[in-house]
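A short write-up of the structure that comes next.
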Amino acid sequence: MNEELKCILTKFAESGWDLIAFAAKEYLNGADNKPELVKAIIQADRQCGSCGCEFDSFYKRALELL
């Protein structure tokens, strides 16, 4: 796994936001859940992707790296 992607997913996993945290944790732990993770990131980007928080740029970058 790309180190940049690992850092982003770790931030997602530690975010406390169930929408992305669970899928990110599972992926980091080796689960074969890429479709679920992508779906969660897309939904998170739709809900929060332009709010101005630190995660805004991470959503699109994570999708590029996946």
Side-chain angles (χ1 to χ4, degrees):
M1 178 185 317
N2 174 308
E3 191 62 33
E4 181 182 6
L5 178 60
K6 184 177 178 182
C7 288
I8 292 170
L9 294 181
T10 299
K11 285 187 176 282
F12 289 167
E14 295 172 350
S15 72
W17 188 15
D18 290 342
L19 174 63
I20 57 173
F22 181 76
K25 283 178 193 173
E26 291 293 305
Y27 192 85
L28 287 167
N29 288 328
D32 185 20
N33 70 332
K34 185 176 176 179
E36 292 85 5
L37 177 60
V38 168
K39 182 178 175 184
I41 294 171
I42 289 170
Q43 185 174 346
D45 187 39
R46 286 183 187 144
Q47 290 180 4
C48 181
S50 59
C51 74
C53 75
E54 69 173 310
F55 290 94
D56 288 353
S57 63
F58 292 154
Y59 303 127
K60 289 172 183 53
R61 184 63 180 149
L63 291 171
E64 290 173 4
L65 295 170
L66 283 168

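Using a 4.5 Å cut-off on side-chain heavy atoms (C-beta onward), Tyr27 and Glu36 make no contact. The closest side-chain heavy-atom distance from Cys7 to Glu3 is below 4.5 Å. Counting only heavy atoms from C-beta outward, the side chains of Leu37 and Ile20 never approach each other to under 4.5 Å.
Between the side chain of Asn2 and the backbone N or O of Leu5 there is at least one donor-acceptor pair closer than 3.5 Å. Proximity of a side-chain donor or acceptor of Asp56 to a complementary backbone N or O of Cys51 within less than 3.5 Å is detected.
Using bins of under 30°, 30° to 60° and over 60° for the plane-to-plane angle, the ring pair Phe55/Tyr59 lands in the parallel bin.
With respect to Lys11 and Glu54, a salt bridge is recorded, a charged nitrogen being found less than 4.0 Å from a carboxylate O. The residues Glu64 and Arg61 are annotated as salt-bridged, a charged nitrogen and a carboxylate oxygen being separated by less than 4.0 angstrom.
Taking hydrophobic clusters as Ile, Leu, Val, Met, Phe, Trp and Tyr residues chained together by side-chain heavy-atom distances below 4.5 Å, Trp17 shares a cluster with Leu28. At a threshold of 4.5 Å between side-chain heavy atoms, the hydrophobic network of Ile, Leu, Val, Met, Phe, Trp and Tyr places Phe22 and Ile41 in two separate groups.
The distance from the CG atom of Asp45 to the CD atom of Gln43 is 11.0 Å, given to the nearest 0.5 Å. In this structure, CZ in Phe58 is found 13.5 Å from CG in Leu63, a value given to the nearest 0.5 Å. Between atom NZ of residue Lys34 and atom CG of residue Leu66 there is a gap of 5.5 Å, rounded to the nearest 0.5 Å.
For the residue pair Ala24 and Leu9, the shortest heavy atom distance occurs at CB-O, 3.5 Å. For the pair Ser15 and Ala21, the tightest heavy-atom approach, listed with the atom from each and the gap, is OG-CB, 4.1 Å. Heavy atoms only, all atoms of each residue included: Lys25 and Ala13 are closest at CE-O, 3.1 Å.
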